Structure formats: structure tokens, C-alpha cells
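Written below as C-alpha cells is the structure these notes are about.
Model, not experiment: these values are computed from the prediction. Below, chain A is the first sequence line, B the second, and so on; all start at residue 1.
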Amino acid sequence: MTIYTRRRVTNLIILSLSLFATGLGLLFLFLILGALLYKGVPALSPSIFTQATPAPGNQGGLSNAIYGSVVMTLVATLIGTPVGILTGTYLAEYGRGTWLAPLVRFVNDILLSAPSILIGVFVYTLMVVPMGHFSAWAGSIALAILVVPVVVRTTEDMLRLVPAGLREAAFALGTPGWKVVVMVTYRAALQGMMTGVMLAVARIAGETAPLLFTALNNQFSTTNMNGPMGNLPVVIFQFAMSPYADWQRLAWGGALLITFAILFLNIGARFLANWSGGSASR
Amino acid sequence: MVDAVLENTTVTANSRRQRLADLLFRGTTRLFAIGVFLLLAAVMAALLISGKPAFDAFGFAFLWTTTWNPVKQIFGGWPAIYGTLVTSLIAMLIGVPLALGVAMFLTELCPPFLRRPIGILIELLAAIPSIIYGIWGLFFLAPFLQTTVQPFLKEVFGNIPLIEFLFRGPPLGIGVLTAGFILAVMVLPFIAAVTRDVFLTVPPILRESAYGIGLTTAEVVRDIVLPYTRVGVVGGIMLGLGRALGETMAVTFVIGNSPRFSASLLAPGTTISAMLANEFSEAVGPLYTSSLILLGFILFIITFFVLAVAKLLLLRLDRQAAT
């Protein structure tokens with residue numbers, strides 16, 4: 001075998017392996033989505049949205065869990081977003097040449113990938129123990145802590161994409177610094193920043209680990225933020241691990257809802273990023 | 001004349017107010033930045049303080065004690081630490097080659113019009129919540145592995161003396177190996193995304209010159225792209241490792257949650273995060289809770305170092321790309 005044939009054969013093998021790896025990755029995506037549709041669609045019915053989680057063997061739905069997830073995600077986003085935006089603003093606008101900015105950026109990136117269950121433990125020691133009971137507030141705070149690093153990261157990136165000329169023009173008109181940031185830079189980067197918030201919502205909507213010992217779970221409908229509250233991920237966890245067929249069915253239904261909501265948010269965020277003129281996307 | 005003076009004072013008053021607002025705004029953003037920094041320190045401190053009673057009771061022996069017995073109040077972290085390390089190792093062994101393959105496909109092989117769609121699909125794999133991986137792993141992957149892959153592994157490796165202990169016991173489907181498999185699928189998109197981005201930083205001229213002197217695609221990747229991006233690729237791998245170490249729900253579903261130490265990959269085991277997820281809210285007694293938090297602290301330290309190294313490596317690449 002000549003060296004040329006050998007090189008060509010090696011090349012062919014490696015390229016096929018690369019193709020195989022990509023195919024495998026896509027296969028897993030479709031297997032998971034397929035399983036969700038296969039098991040989840042039969043479980044969907046109007047009662048899922050109208051009835052609370054049942055005792056085993058009874059009729060029921062997921063209304064309390066859906067409500068809890070929506071409320072806690074909302075509260076977490078409302079708390080986490082301003083914190084993230086202000087921090088991102090500091091990093092992009094005021095951080096240049098300071099010792100603080102690189103440090104915060106570093107810590108933020110670690111928070112971004114830190115195990116979310118440890119955030120749950122943290123909030124447990126901080127809120128659940130002093131208050132003496134599990135609560136939806138604690139769950140929301142735990143989720144808010146996960147929102148912050150995502151928003152910080154995208155805010156900083158998006159603010160940096162705003163052309164310096166725009167800022168300089170505003171400054172040249174005598175605009176005070178804070179007004180330049182709020183009225184000019186924020187406005188130019190708005191779509192990108194909203195993308196970040198959507199990605200953050202998508203991330204926390206499916207988070208289970210930080211809720212396990214903060215919001216815990218509640219099989220009854222409640223609007224009391226000061227007590228345990230049902231939420232989709234924890235319900236899915238409990239019901240899927242249970243031996244009851246009807247509970248498992250509900251778990252699949254919930255899993256289908258949550259996954260498609262998240263995929264929808266993710267794809268929506270991408271469209272938003274593209275639509276903002278393509279500058280925000282790669 | 002009088003008018004002009006008056007106007008002048010209002011202008012200065014106004015500009016003074018603006019300067020104050022400016023200072024206030026800058027101060028607020030700075031305050032929140034400091035808050036984010038303190039957040040990480042607070043997490044570490046809280047874990048340390050709450051885990052201290054367990055450390056006082058067991059000392060460093062906690063790290064290698066294999067007994068976890070809530071009834072007798074004896075707690076050792078080794079089964080969970082071992083499970084965490086082994087599942088992550090399996091995930092890396094399977095996930096890294098696959099991720100590199102995907103990155104290579106996306107940067108070198110893929111027709112341009114497919115690049116974005118396929119890239120997005122791979123990234124969507126990262127968006128699926130870990131609990132979904134868990135439920136899928138429990139109901140689909142575990143039975144599949146139990147009937148196909150695990151008997152095969154037992155047959156091939158079960159009689160080879162030195163590694164035979166890894167494949168002891170019946171193929172249960174759930175266990176350490178399955179957890180590693182799931183983790184591999186989960187870290188694949190993270191590593192692939194970073195690696196692809198890093199591959200794209202290679203100056204086109206380098207790549208084109210290599211093709212120009214007749215290198216094959218595989219040789220270009222091996223001899224030009226990989227050496228150029230080595231630091232970034234390792235950074236991406238470490239990022240994936242950080243994820244794998246701390247991943248909770250998917251692992252909890254498929255690992256079997258047995259705190260009894262077993263070296264076999266087919267046996268049920270546990271990881272630090274799975275243990276926390278399973279036992280924390282039901283832990284009775286201060287020592288039990290404290291021991292779990294001490295495990296959490298160990299996990300925090302491990303992931304902190306892994307992620308810090310990942311970050312530093314990627315920073316180095318950024319600087320290299322900037323110059």
C-alpha cells in the first residue's frame with residue numbers, strides 16, 4: 001500500500017467517525033424527543049391543566065405544579081434580571097482597568113457552571129433553616145441565583161457589541177454618563193439583553209435540584225409563597241420514580257410540557273438574537 | 001445680564017445633579033458586581049460552616065471512609081466521591097471523542113448551509129433539562145443497556161484478570177455505567193460547542209496553507225487545528241467535566257442510589273449530588289445533615305478547581321487570539 005492510499009484511507013476513516021459522532025448526537029436528540037412524544041402525548045388532556053396532583057389511583061392533573069413553576073420562575077426572573085443587568089453593565093461600561101471586573105467575570109463564569117444543587121443547599125442554610133420551613137420564596141431565590149450569571153454574561157457581551165461611536169456621539173452632546181448607558185446603550189442592546197433573559201428563563205424552568213429542599217413540593221393547590229409549593233420538575237421527579245402507572249403517566253405529560261416550553265424559548269431567543277440585525281449572533 | 005447669571009447657576013445646579021446621578025448609577029452597578037463576587041464566597045462559607053460539625057466528628061478520614069450508616073450515625077464520603085469521579089470519567093471517555101468528532105464535522109466537513117441548523121440542533125441537546133435526561137435514561141436507556149451493552153461487556157471483559165472486578169454482578173441496567181453514559185450525552189453538546197468555537201479561531205491562512213501543500217482533512221485537524229487550539233480544547237473539556245461532576249437529576253434517576261461502596265461499574269452506586277438530592281430533605285439529626293453538606297463542600301471544591309482551570313485556559317486562548 002502506498003503512503004498516499006494509506007493517508008487517504010486514514011482520512012476516510014476519521015471523517016466517517018466524525019460523521020458518525022454527529023449522527024449519534026442528533027440521534028440522541030431525536031430519541032429523547034421521540035420518547036417524550038410517544039409517552040407524553042397520550043398523557044395530555046385538559047384535566048392536566050385544571051386538576052391538582054392526585055393521590056395514586058385517583059384522577060388528577062398538574063395544575064398546582066404548573067402554577068408553582070410559572071410563579072417561581074417569574075419571581076426568580078424578576079429578582080435575578082436587574083441584578084444581572086446591573087452587574088453586566090458594570091463589567092462592560094465601568095470595569096475597564098479595574099481590579100474588580102476581571103475577578104467578577106471569573107466568579108460569574110464559575111457560578112454559570114456551578115452545580116445547581118449546591119445553590120439549593122446554600123439557600124437551604126440561608127433561608128429554610130432560619131425560617132423553620134420550606135417555602136416558595138426560598139425556591140424563587142435559589143432560581144434567581146441561577147438567573148444572575150446567565151444575564152450578567154449576555155448583558156456584558158451585548159453591551160460590548162454596541163459601537164463606541166454611538167456612545168461617543170451621545171457624550172459629545174453633553175449627555176451625562178448614566179443617561180448614555182440607560183437611553184442609548186441599553187436601547188441599542190435591548191434585543192440581545194432580552195435574549196439573555198429568555199435563555200435564563202429556559203435554564204431555570206427545568207431546574208429540579210435547587211428546588212428539592214427549598215420549595216420542596218406540595219400536592220395541594222396553594223398561592224402561599226411562604227409555604228412549600230408544588231412545581232413541575234419536582235413532581236416529575238417524584239412521580240417518575242414512583243411505582244404507580246398513573247403517576248408515571250402524569251410525569252411524562254409534565255416532561256413533555258416542560259421540554260417543549262424550554263425548546264420553544266431557546267429557539268425564540270435565537271430568532272430574537274438574529275433579528276436584532278445579525279450583529280448579536282455569530 | 002441678570003438673566004445670564006441666573007441661567008448659569010441653573011446649568012451648574014443641573015450638571016451637579018447629573019454628576020451625582022452618574023456617581024449613583026456607577027456606584028449601584030459596582031455594588032451589584034461586588035454582590036455577585038460575594039455570592040460565590042457566601043456559598044462556600046455557608047457550606048463550610050454547616051459542614052464543619054461533620055468534619056469535627058470524622059476529620060479527614062471522612063474522605064476515605066466507606067461506611068454510610070445513618071442508623072449508627074457513621075458517615076464516610078468515599079462511596080459518593082468515588083461515584084462522582086468514576087461517572088465523570090466514563091462521561092469524559094465517551095463524550096470527549098464524540099464532541100471532538102462533532103466539532104470537526106461542523107468546522108471542516110459540513111456543507112455550509114447545514115452548519116447552522118446542525119449546530120443549533122446539537123446546542124438544543126444542551127437545553128434539554130437534566131430531569132428529562134433522567135426520566136429518559138430510566139425508562140429507555142437503562143433497559144436497553146441492560147439487555148445489550150452490559151451482557152456484551154461482561155462477556156468481553158468479565159474474564160480478563162485485572163479489570164474483571166469492574167464488571168462483576170448482574171447487569172441491572174441502572175448503575176454507575178449507565179450514569180456515565182447519560183452524562184456523556186449531556187456534556188457532549190457543551191464540549192462540542194466550545195471546541196467548534198475554538199476551532200474557528202484558527203486563522204484561515206494556516207488552514208489553507210496546510211490544504212495547499214496537500215494535507216488531508218484529518219491531517220489538517222490533527223497537525224494544524226488541534227496544536228493551535230490545544231489550550232482551548234482542554235478548556236472546553238474541563239468545562240464539560242465541571243458539568244458532569246455536579247450533574248444531579250439525570251444521575252439520580254439511573255445510578256440506583258446505593259451508598260454501599262462497590263467498585264463494579266454495573267453495580268448501583270451514588271454520587272455526591274445524587275446523595276444530596278435523595279437524602280437531604282429526609283436527613284434526620286444534625287450530624288446526618290452536616291455530613292451531607294460536607295459532601296457538598298467537597299463537590300464545590302472539586303468543581304471550583306476544574307472550572308477555574310477551564311476558565312484560565314480559555315482566557316489564555318482569548319489573549320492568544322487577540323494578539
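Here the CD1 atom belonging to B:I132 is positioned 9.5 Å from the CG atom belonging to A:L263, to the nearest 0.5 angstrom. Atoms CG and CG, from B:N278 and A:L212 in turn, are 9.0 Å apart once rounded to the nearest 0.5 Å. Once rounded to the nearest 0.5 Å, the distance linking NZ of A:K39 with CZ of B:F140 reads 5.5 Å. In this structure, CD1 in A:I145 is found 11.0 Å from CG in B:L40, a value given to the nearest 0.5 Å. The line from CG of A:L111 to CZ of B:F37 is 11.0 Å long, rounded to the nearest 0.5 Å. Distance check: B:L125 CG to A:F30 CZ gives 10.0 Å after rounding to the nearest 0.5 Å.
Between B:A218 and A:N11, the shortest heavy-atom contact is N-OD1, 2.8 Å. A:I117 and B:S273 make their closest contact through CD1-O, 3.4 Å (heavy atoms, listed as atom of the first residue, atom of the second, distance). Contact record, A:A240 with B:F139: O-CZ, 3.6 Å, taken as the closest heavy-atom pair. Across A:A114 and B:L307, no two heavy atoms sit closer than the pair N-CD1, 4.1 Å. Across every non-hydrogen atom of B:L138 and A:M241, the tightest pair is CD2-SD, 4.1 Å. Heavy-atom minimum distance, B:A46 versus A:T125: CB-OG1, 3.7 Å.
In terms of heavy-atom pairs under 4.5 Å with chain A, the best-connected choice from B:I120, B:I293, B:T252, B:T216 is B:T216. Note on B:A308, B:S50, B:G214: by heavy-atom pairs under 4.5 Å with chain A, the leading option is B:A308. Listed options B:L188, B:L31, B:T28, B:L39 were ranked by heavy-atom pairs under 4.5 angstrom with chain A; first place goes to B:L39. Annotation: maximal heavy-atom pairing with chain A below 4.5 Å, among B:G101, B:P97, B:A277, B:A99, occurs at B:G101. Ranked by non-hydrogen atom pairs under 4.5 Å with chain B, the options A:A101, A:G23, A:A21 are led by A:A21. Interface check for chain B: of the options A:L103, A:L12, A:I85, A:N108, the most heavy-atom pairs under 4.5 Å are formed by A:L103.
In this structure, the side chains of A:R7 and B:L215 come closer than 4.5 Å at one or more pairs of heavy atoms.
Of the two parts of A:V182, only the side chain, counted from C-beta on, holds a non-hydrogen atom closer than 4.5 Å to a non-hydrogen atom of chain B. Contact annotation for A:L265: neither backbone nor side-chain heavy atoms come within less than 4.5 Å of a heavy atom of chain B. Proximity to chain B (any heavy atom under 4.5 Å) is restricted, for A:V181, to the side chain, taken from C-beta onward. If you measure heavy-atom distances from A:L24 to chain B, the contacts under 4.5 Å come from the side chain alone. Contacts between B:L47 and chain A at a heavy-atom distance below 4.5 Å involve the side chain alone, from C-beta outward. Heavy-atom distances place the side chain of A:Y38, and not its backbone, under 4.5 Å from chain B. With a threshold of 4.5 angstrom between heavy atoms, A:I258 approaches chain B through side-chain atoms but not through N, CA, C or O. With a threshold of 4.5 angstrom between heavy atoms, A:A202 does not approach chain B through any atom at all. Proximity to chain A (any heavy atom under 4.5 Å) is restricted, for B:V185, to the side chain, taken from C-beta onward. Only the side chain of A:Q248 comes within less than 4.5 Å of a heavy atom in chain B; its backbone stays farther off. Both the backbone and the side chain of A:L19 come within contact range of chain B, each with at least one heavy atom under 4.5 Å from a heavy atom of that chain. Both the backbone and the side chain of A:V83 come within contact range of chain B, judged by heavy atoms closer than 4.5 Å. With a 4.5 angstrom heavy-atom cutoff, B:F190 does not touch chain A via any of its atoms. With a threshold of 4.5 angstrom between heavy atoms, A:L36 approaches chain B through side-chain atoms but not through N, CA, C or O. Heavy-atom distances place both the backbone and the side chain of A:L15 under 4.5 Å from chain B. Both the backbone and the side chain of A:F237 have a heavy atom closer than 4.5 Å to some heavy atom of chain B.
B:F280 and A:Y124 have perpendicular rings, their planes meeting at more than 60° on a 0 to 90° scale where under 30° would count as parallel.
At least one donor-acceptor pair closer than 3.5 Å links the side chain of A:S18 to the backbone N or O of B:F105.
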